[in-house]
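Worksheet for the structure shown next.
Below, chains carry the letters A, B, ... as their sequence lines are ordered, and counting in each starts from 1.
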Amino acid sequence: MTDISREGNQVVLTPQQDIVASVSAEIRKLLKEQIDQGCKELVLDMQHVEMIDSMGIGLLIAAHNSLNKNGGELKAINLSQDLMSLFKNMRLDKHFSVEGA
Amino acid sequence: MAILDGIDDETLELYIEESREHLSDIENDLLAIEDAGANIDETLVNKVFRAAHSLKGGAGFFNLTKIKELAHRCENVLDMIRSRELAPNPEIVNNLLLAFDKLREMINNIAASDQEDISEFIVSLTGLTDSYLPPEEKGSGERMVDITLPDGRKVMEVSELDLRLADKEGSFLYVINYDLINDVQRVGKTPLDIISALCDVGQILESTIDMMAVGTLDDEPSNRLPFYVLFATIVKPDMAAIIFEVEDDKVQLYDISQLPPESTEETADEAASDAIAPQTVTDKGAKTTKAKAKPKAKAKAKVKVQPTSAAAKAKASVREAAAPPPKPVTTAPPIPKPAATIPPTPKPAATAPPPTPAPEAPPPKAASPASKTPETPAAPVETSLRVNVAVLETLMNLAGELVLSRNQLLEAINQNDQRTIQVCGQRLNMVTSELQEAIMLTRMQPIGNIFSKFNRIVRDLSRALGKDVDLNITGKEVEMDKTIIEGLNDPLTHLVRNAVDHGVEGPEERSRAGKKATGTINLKAFHEAGQVVIEISDDGKGIDPQKIANTAVNKGLLTADQVKAMSDKERVALIMLPGLSSAEKVTDISGRGVGMDVVKTNLDKLGGQVDIESEMGKGSTFRVKLPLTLAIIPCLLVSVGADRYAVPQINVDELIRIRAAQVKSRIEIVGDAEVLILRGKLIPIVHLADMLGLPRTWVDEDGVRHPDQRNRLADRRSPEHPLFKEGAEADLKETKTTGTPPRKGKDRRHRSASDLNILVVTAGNFQYGLVVEELHDTVEIVVKPLGRHLKHLREYAGATIMGDGSVGLILDVAGLAELANLSSLAGSSRAEELESEAAAREQYQDVQSFLLFRNDPTEQCAVPLDLVDRVEQIAASQIERVGGRSVLQYRGESMPLFTLSDVAGVKPLPDQEELVVIVFQLAERNVGLLAVMPVDVVETRVKIDQSTLLQTGILGSSIINKMTTQIVDIYGLVETLHPEWFENRLKNRPATPEAAQTILLVEDSDFFRNQLKRYITEDGHTVITAEDGLVAWKLLQKEKGNIKLVVTDIEMPNMDGFELTQKIKEHAEYGHLPVIAVTSLAGDEDVARGKAVGVDEYQIKLDKDRLLECIRHFLNERQ
């Protein structure tokens, strides 16, 4: 349900559906695996994501915190307009880098 | 007391009391915060924060500047902990603890608090906050405003301009506190829904999400995701919560009038540093230095947020009253939102270690609270009490009942109405009991009040001592009388400190002893049989009864004989003796000149008993038994003669009535004393009448009292006594001839009045039987102290008024025992101990390894493994017969072979191809013993029978693996066949002049003695032997200078190896003799003890080569 590709140090995860509570456990596991394997630059490609719920937000923050702890960073790319506005309004863009589509 | 002018004492009292309450909890909360580390428990931090806050508030009100200042600094640090800017580590918590200690001190002496010097604390606390200030990354020129929640927590910073702008537009400002999980997810919404909804009705000025509440991917998914929004909207406060779709209490109206007056852009900087800085000093004192050092730094104004409902109207009125702003904001240059307005990123707590001093607090710092703690909390004796209102109501009701009953009673007495008087009596009885209970309730307090402070004591103390100690507390909720709880403070503190100081070992010592490095102390309170039991147990090194006993003897408190008769338990209990401090060296922690005797005295005062259980190496348990209350205690009434006495129920273990006819079988005479046989235990008996100097009497069936002529309860002269069957007649005759006056009247033995009533009571650590004439009821009595003129009587603990109005004396069970010169009777527990010692010795029976083999498939034989050099499997065809002798080519030489049947009357070796050769090295050559399989090695503690199967070549037999096994004497075997081999032996050792090398071998086991003797003789020394230490000592004196070395066992009858060694080493003439101990006592303590008495070499049985090498070493050294 989530594509993974590697480019050098960068790992790009492309979830194929919305990041919501029902799939958060699965994505959580995936993120954790990548980070545990020493990934320092994690990119979330949101091209297929239309909606992120509270659990999803929590998940992203957790990922950010985990990476931050290891000296890595999180990037979200290809955000839809709605998501962009969500991230900005929540000031999440102050914590990790956010790019629109 | 100028500061307190105009404030009434009561208010101040209230403040002091409240502050103490706050402070009493703080300690544990702080410790819990420390334990939790970066993963803070917000409610806990908030609790401490609020405590500091209310201390500060009150102090401000009373103008107690120093208290206010210090509380304020604490508050700052706590604030940073709460906002996760500061991770609580031991250093921070330590500083806070010290500061709160100081606060407590100041509160306790409030009048002088302003004269206290608190600069040290201020500096350390300020240091903490300063080092964590977020870096100055923001450009100057823009005034930022902190947005805080009502509880004082800062959630974000916004540009003041934005606020004013929104205000100008006529918007209301709200701080909304969403929990994205509970308020959003749970109601089926997404954050986007919320934000879209907000954007529809207003403008999000700033928002922040609590990143740290989420944790990392490693944590469980958080069930909380706080999201704070500063929102500008025209929605009115009363509608706000509905529009924002959250509960009322999550929305706060922001009051812009709290902002300092607006100033021009140019002057903003200076104004900020001038006008705001002073405020900063008091408000965010921690930041003062920074603010001053960098005048250009953004100034901060702190604005409080008020709950919507209350603030709504205020705001409206403020609006009307507020003068129009001096300058239209629109003229202000539009301030681009710089990247610098990033809300302060909460630092991940874990990655932010303090740059200030080393994480471990320097020892003096840690030690200072340790030495202070016991006094500080104990100092203020509480003079007031908080009582549950419900209890007060009950009391009031009961008082009312009492009044009613009294009226009724008076009325009835006036009218002489017997029936009503009786009814009233019953009523009064009930009301009084209830009243008593209710009043007791008001005095009852949970023991947790004093337990909780031990967390701190243990923590500080263990840090100071470099130990690692966990304290487990159970039974905090157990309630006891307030006076008892107060009285318990000191003794318990002492016990707990002792446990940390003397009980628990340092981490290295613990790991050496195979324990986990962290010691554990359990503090436990529970109810047991109407009493409260408090246990303080540690898993430390235990108490050495011998050491205690020695100290007692050395200090002249007891004689050696007295100590000898004591059981270990009694010896351990000696630490309660006045003047005996068990600490070898006095530490400033617990050996402060006062010892355990103080603990005992204090507990005695409370009617408590201490019981000590200790096992060397395993730990000690101090068990304190206490009554629930002191004022009213249940007692058993007994009587001797015409007088009744009360015995506290707490001391009474059981009541025994012995029928007159059974007296002889139940009571024995040991030495000079009578003892009661109770379930196999011997319990000394004391006659109460004797102790009180009353005549012993008995009451006949007519109720007439007669003097009792029996001096002994168990009269051995009776012919019926089973023990005296044989000599009975002689005795009987003697009785008759000596003319004991014949008994008058009938045999009293068959009447119940002659039965013996015995109270088995516990006094301290032992039991005894108290013979009384009659047993009565158990009643609750009110304890009254004895008058001064009777105070010195040790047999009485107090007095009381009996139901009939007469005075009754309360017996002091321990005092009676002392008067009777009872310690636990020699024989009872001591005997048990001896028995178990004997059992233990059985275990110590020397372990020997044997090589098992068969001479014949049915005949099991064994040789001590130490003698065996090798075991080789050979074929019968390899054996060569040369000159009538069997030899085997072995390592390039011809090794002579023997069989057991060569000398001993055993079956010949079976004729089979596969054989085993056991190779020995003796008489300086290899010899082989032929045997058959199977061959095995056993390690066993066997008793060797040295007579039944003794013959040449066999030195005894034993049962090994359920088979009778012959122990082969290989020396004897070879010597019998080749005596000439051994004759040369000594000549081959020219280096050792024979006579000079006599060795004294002390060993109680014949087997080992013979074996050792052989080894040593074989090695070329002369050996004289002794069966025990005593014999050895005599031999030593007889042989005088001949003996050059002593080899001794440890476990021996009469005189053991330790004692022997000690004697030798202390003797002027023999002191130089080397002593080698060869024993199976392999415990560390044993080795240590051996070294202590002067053993030169301690060897575990039995390594032949090492022993011989050691002997040679010592002898050569001597030469």
Report yes or no: does A/Ser54 contribute a side-chain atom to a donor-acceptor pair with the main-chain N or O of B/Ile181 at less than 3.5 Å?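 Judged by distance alone, no pair lies under 3.5 Å.
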
A/Asn89 side chain vs B/Ile195 backbone, donor-acceptor pair below 3.5 Å: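 It does not hold such a pair.
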
Counting only heavy atoms from other residues, nucleotides and ligands, does the tally under 6.0 Å from [atom1] of [X] exceed 12?
X	atom1	value
A/Gln47	CD	yes
A/Lys29	NZ	no
A/Gln37	CD	yes

Let's test your reading of the structure: which of B/Thr190, B/Leu217, B/Val229, B/Val214 forms the most heavy-atom pairs below 4.5 Å with chain A?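 Of B/Thr190, B/Leu217, B/Val229, B/Val214, B/Leu217 has the most heavy-atom pairs under 4.5 Å with chain A.
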
With rounding to the nearest 0.5 Å, note down the distance linking [atom1] in [X] to [atom2] in [Y].
X	Y	atom1	atom2	value
A/Leu86	B/Ser196	CG	OG	8.0 Å
A/Lys94	B/Ser207	NZ	OG	7.5 Å
A/Met90	B/Ile194	CE	CD1	9.5 Å

Determine whether B/Ile209 and A/Ile57 make a side-chain contact, defined as any pair of heavy atoms from C-beta on separated by less than 4.5 Å.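 The answer is yes; the side chains approach within 4.5 Å.
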
Do B/Leu225 and A/Ile61 have side chains that get closer than 4.5 Å, going by heavy atoms?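 Side-chain contact under 4.5 Å: yes.
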
Residue pair A/Arg91, B/Thr208: steps toward the side chain to side chain contact (heavy atoms under 4.5 Å, CB included) verdict: CA-CA 6 Å; A/Arg91 304 295 189 262; B/Thr208 180; 5.9 Å; no

List the steps and the verdict of side chain to side chain contact (heavy atoms under 4.5 Å, CB included) for A/Leu92 and B/Met211. CA-CA 9 Å; A/Leu92 285 174; B/Met211 305 285 283; 4.3 Å; yes

Below 4.5 Å from any heavy atom of chain B, which atoms of A/Ala21 appear? Answer side chain, backbone, both or neither.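 Both backbone and side chain.
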
For A/Met55 and B/Leu180, what are the C-alpha separation, side-chain angles and deciding distance, and is it a side chain to side chain contact (heavy atoms under 4.5 Å, CB included)? CA-CA 8 Å; A/Met55 292 297 277; B/Leu180 289 184; over 6 Å; no

Test side chain to side chain contact (heavy atoms under 4.5 Å, CB included) applied to A/Asp53 and B/Val184, step by step: CA-CA 9 Å; A/Asp53 67 1; B/Val184 181; over 6 Å; no

Which atoms of B/Leu192 approach chain A - backbone, side chain, both or neither, heavy atom under 4.5 Å: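 Both parts, backbone and side chain.
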
Residue list, ring-ring contact (aromatic ring centres under 6.0 Å, His included) with B/Tyr178, at least two apart or on another chain: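 Result, ring-ring contact (aromatic ring centres under 6.0 Å, His included) vs B/Tyr178: none returned.
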
For A/Leu67, what residues pass the side chain to side chain contact (heavy atoms under 4.5 Å, CB included) criterion, not counting sequence neighbours?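 Result, side chain to side chain contact (heavy atoms under 4.5 Å, CB included) vs A/Leu67: A/Ile35, A/Leu42, A/Leu74.
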
